[in-house]
Structure formats: structure tokens, C-alpha cells
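Read through the structure below, which is laid out as C-alpha cells, and then see the notes.
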Amino acid sequence: MSGSAFKAGVLSALATAALIFIAGLAWAFASYNADGPTAPSGDETVVVLRSGAGVAEIAGVLAEAGVIRSATGFRVAAQLTGADRDLRAGEYRIESQASLAEVIQTLRTGDVARHFVTIPEGWSVAQAIDILNDEGVLTGEITEIPAEGSLMPDTYEVTRGESRQAVIERMQSAQAAVIAELWPGRAQGLPFSTPEQAVVLASIVEKETGQADERRQVAAVFVNRLRLGMRLESDPTIIYGITQGRPLGRGLRRSEIDRPTDWNTYQIDGLPPTPIANPGRDAIAAVLNPPNSRNLFFVADGSGGHAFAETYQQHLQNVARWRTIEQEQASSQTPSVTPPAEPQTVPSTPSEATAP
């Protein structure tokens, strides 16, 4: 073979190789950006990548979940793009037909799925456990039921597979931290001496008002009553003695008000033995630093809030106004076909029935 023919053959081979290489790049680019597999069900697929997983393991998880077509293709693409060095662990929601490029970009940016559970202020331990048990991303049983009032109401971020017991412990730690922060700055001369007693009173305050701007006023009423040796006469304490933290679902009955329980502050002196709910930070702060006030009574005012009073006579006037509102509300509703077994009553708080 002549030299010129050899050169021509080499050039031809190089040209062919170049064409193949270019075609391969074009195919790889097209595959990289082409639609991926359709999700096995729904509009997305949830995948969980454990911390410390390498690119090979990640590729296997994605392929098994049906998110990518080829584990090998994913590994090659991740290596060529440098993504193999910064793929992040976590839970991901991959949209149906996401391209390989989109999958890799999602894993590089750490756009993980986030889950939250919220324990509202004033909810009991029993209700908090219900919330955690209903959260499907959590696992395991709650093996140690927490003491009433020991959880800090808040919104918590949780991860798929986290145990319910671990979340409970986080909530308890959060409450302990709040107490440790607020207790040293408490007012002098409070009618209780321990953080535990403060939480008991804060739980009553939390259940008595749904309005944030009333917490401190309600706290002042109860602190004043404790100082004077008056009973707290709080309706939610009666309910807790009946339901142990579940909603009653109806008004209180006179017989229930008169029935002694460990928590019925119409019947016992001072604080009940345990909290009746989980108080939030603001309720705890309110009982530790209540405003200066002489108020000893409050009753609903018909607007969602309460009317406060220093004297029993003022309180009776407020009660009369509330009874008028109650009657107007009752007259606008369809009467019940079957009356209750015994008259139902919702006493004002503290009691309208007797003078201190």
C-alpha cells in the first residue's frame, strides 16, 4: 500500500470515528434531556436516599423505583457532569417523566421533600399522640407516654422514617428549654414556687382563651385568685377531669360542676395536680410575669373574648350581658327535638354562681 493510500485510510478512519463520537454525544445529550419513565403511580415517585450512599447505590435506588431507565446511564451522566461528587441524601419527589438531567439537578440542589407536624397550643398529650400516629412518614409506636403538659406546642419538621418516640422527645426537650429560659426571669411574689406549678397554671390559661392578647389578663386573674386563696373555678379543669384531655363535645352540666375530681377547681383549692394541656411559650411567659391587675373575674363577651371585672358586682353585670347574648343565640337556632337528660350549663369563669 502506498503512503498516500495509507494516509487516506487513516483520515477516513478518523473521520468515521469522529462521526461516531459526535453521533454518540448527540445521542447521549438527547437521552440526558429526554423525558424519563412514567411514574408507576400518580404524578410523582417518592425516593429516599440514605446518608452516605454512593453514586452506584443511588443509581440502583432510582432505577428500582422506576425514576430512571438505566443505572449505568445515570452513573455515567453523574460522572461526566461532576454530579457524583455532590449528590445529596434525603427524600425526593421526582415528577413523572422527569429527564435524567432534571433528576440529577434535583439531587444536586438537595430539593428534598419536607414534612411537618403541628401541635397546637392548648392541645393535650392524648391529642398530640393522635397527630403523630396519623402522620404516615413517621414510624414506630410511642413507647413512653409523656406526662401531660410536657410537650412544647409548635410546628416540627420531621423526616420520613423518623420514630414517633424521637419526635416526642424533641417536643419535651423544646419545652424544657423554654422553661429554663423563662423561669429565671419570673416576677417576684408569685403564688407558686416551682416550674412544674407554672406549667399547670399556664395550661389552664391556655385553655381559657383562644385570643393571644388575652393570655396575660387571664393569667393575672388566676394569679390574683391564688394570692387571695380563692378557688380558680376554671371550666376546662372540670372537662379534663371528665375526659383526660379529649374534647367534651357539649356544654358542662351542673352535676359535673358539682362533682369532685382531682382537677375540678370549682371543688379543690389551689392548682390541680397536673397540667390539663400543653401550654405554649406565651402562656408560660404570661403566668411568670402577669400584668399588674386587680381583676378577679372574667366571662365571655360574645365577641370571642372576655369581659374582665375587679368586683363581684361588676362581674354579675358582665354575666347578665353574656346571658342576654346566649338567649339571643339560642332563639336563632332550631330547638333540639330531644332535650338533654339534665339541664346543661356553661358557667362563667371564674364562677358566676357564688361570690368569693
Side-chain angles (χ1 to χ4, degrees), residues 51 89-91 110 112-187 190 192-216 218-219 222-223 236-237 240 243-247 263 271-290:
S51 178
E91 178 185 344
V112 297
R114 304 179 70 188
H115 303 281
F116 300 90
V117 294
T118 298
I119 307 300
E121 295 165 331
W123 281 40
S124 68
V125 161
Q127 291 173 301
I129 289 175
D130 287 344
I131 291 173
L132 295 180
N133 284 337
D134 288 342
E135 179 50 68
V137 304
L138 298 177
T139 61
E141 297 182 357
I142 297 172
T143 55
E144 298 181 19
I145 304 300
E148 188 67 82
S150 65
L151 308 180
M152 176 52 58
D154 205 342
T155 296
Y156 295 83
E157 184 169 0
V158 299
T159 58
R160 182 176 293 276
E162 185 175 5
S163 75
R164 293 179 174 88
Q165 188 66 48
V167 178
I168 286 284
E169 290 168 2
R170 279 206 279 148
M171 294 175 176
Q172 290 177 307
S173 294
Q175 199 230 42
V178 168
I179 295 296
E181 176 190 348
L182 298 180
W183 180 254
R186 66 192 182 281
L190 292 172
F192 50 83
S193 57
T194 68
E196 292 76 17
Q197 291 172 327
V199 173
V200 172
L201 184 56
S203 73
I204 297 173
V205 171
E206 197 74 88
K207 295 296 290 185
E208 282 288 1
T209 179
Q211 296 193 0
D213 59 357
E214 281 193 348
R215 286 192 184 99
R216 299 185 74 242
V218 171
F222 288 133
V223 166
T237 64
Y240 190 85
T243 69
Q244 297 297 294
R246 300 290 186 184
W263 291 270
L271 295 169
T274 72
I276 61 171
N278 293 292
R281 179 190 180 92
D282 289 345
I284 296 171
V287 301
L288 292 179
N289 284 280

Non-hydrogen side-chain atoms of Ser150 and Val199 separated by less than 4.5 Å: no
Rounded at 0.5 Å granularity, tell me how far CD1 in Ile142 sits from CD1 in Ile129. 4.5 Å
Exam field: side chain Arg164 to backbone Gly140, donor-acceptor pair closer than 3.5 Å: yes
Of Val125, Thr143, Leu132, Ile145, which is the lone residue that meets side chain to side chain contact (heavy atoms under 4.5 Å, CB included) with Ile168? Leu132
Would you mind writing out the side-chain donor-acceptor pairs for residues 169-180 within the sub-3.5 Å range, not counting sequence neighbours?
from, atom 1, to, atom 2, distance (Å)
Arg170, NE, Glu162, OE2, 3.3
Arg170, NH1, Glu157, O, 3.2
Arg170, NH2, Glu157, O, 2.8
Arg170, NH2, Glu162, OE1, 3.3
Arg170, NH2, Glu162, OE2, 3.1
Ser173, OG, Glu169, O, 3.0
Gln175, NE2, Gly149, O, 2.4

On a heavy-atom basis, the closest approach of Thr194 and Trp183 is C-CH2, 3.3 Å
May I have the step-by-step check of side-chain contact (heavy atoms from CB on, under 4.5 Å) for Ser124 and Arg246, ending in yes or no? CA-CA 7 Å; Ser124 68; Arg246 300 290 186 184; 5.8 Å; no
Checking Arg186 now: which residues fulfil salt bridge (charged side-chain N to carboxylate O under 4.0 Å, His left out) with it, not counting sequence neighbours? none
Evaluate side-chain contact (heavy atoms from CB on, under 4.5 Å) for Thr274 paired with Tyr240, printing each intermediate quantity in order. CA-CA 10 Å; Thr274 72; Tyr240 190 85; 4.2 Å; yes
Sidechain-backbone polar pair: Ser203 side chain, Pro275 backbone, donor-acceptor under 3.5 Å: no
Ignoring hydrogens and geometry, is there a side-chain-to-backbone donor-acceptor pair from Gln197 to Ser193 under 3.5 Å? yes
Over all atoms of both residues, closest heavy-atom pair of Ala283 and Pro279: CB-CB, 4.2 Å
Separation of Thr243 OG1 from Trp263 CH2 (nearest 0.5 Å): 10.5 Å
Hey, is Arg215 close enough to Glu206 for a salt bridge, meaning N to O under 4.0 Å? yes
Taking Thr139 for the side chain and Gly161 for the main chain, is one N or O donor matched with an acceptor at less than 3.5 Å? yes
Give the C-alpha distance, both sets of side-chain angles, the deciding distance and a yes or no for side-chain contact (heavy atoms from CB on, under 4.5 Å) between Arg281 and Asp154. CA-CA 9 Å; Arg281 179 190 180 92; Asp154 205 342; over 6 Å; no
Can a donor-acceptor pair be found, under 3.5 Å and without considering hydrogens, that links the side chain of Gln165 to the backbone of Glu144? yes
On a heavy-atom basis, which atom in Ile131 and which in Pro120 lie closest, and how many Å separate them? CD1-CD, 3.9 Å
List in chain and number order the residues that pass salt bridge (charged side-chain N to carboxylate O under 4.0 Å, His left out) with Arg216, two or more places apart in sequence or in another chain; answer none if no residue qualifies. none
Between Asn278 and Trp123 (side chain of the first, backbone of the second, donor and acceptor by atom type, cut-off under 3.5 Å), is there such a pair? yes
Quick check against the 3.5 Å criterion: does Gln211 have a side-chain atom that pairs as donor or acceptor with the backbone of Asp213? no
Audit row: Leu151, Ile119, side-chain contact (heavy atoms from CB on, under 4.5 Å) steps and yes/no: CA-CA 9 Å; Leu151 308 180; Ile119 307 300; 5.5 Å; no
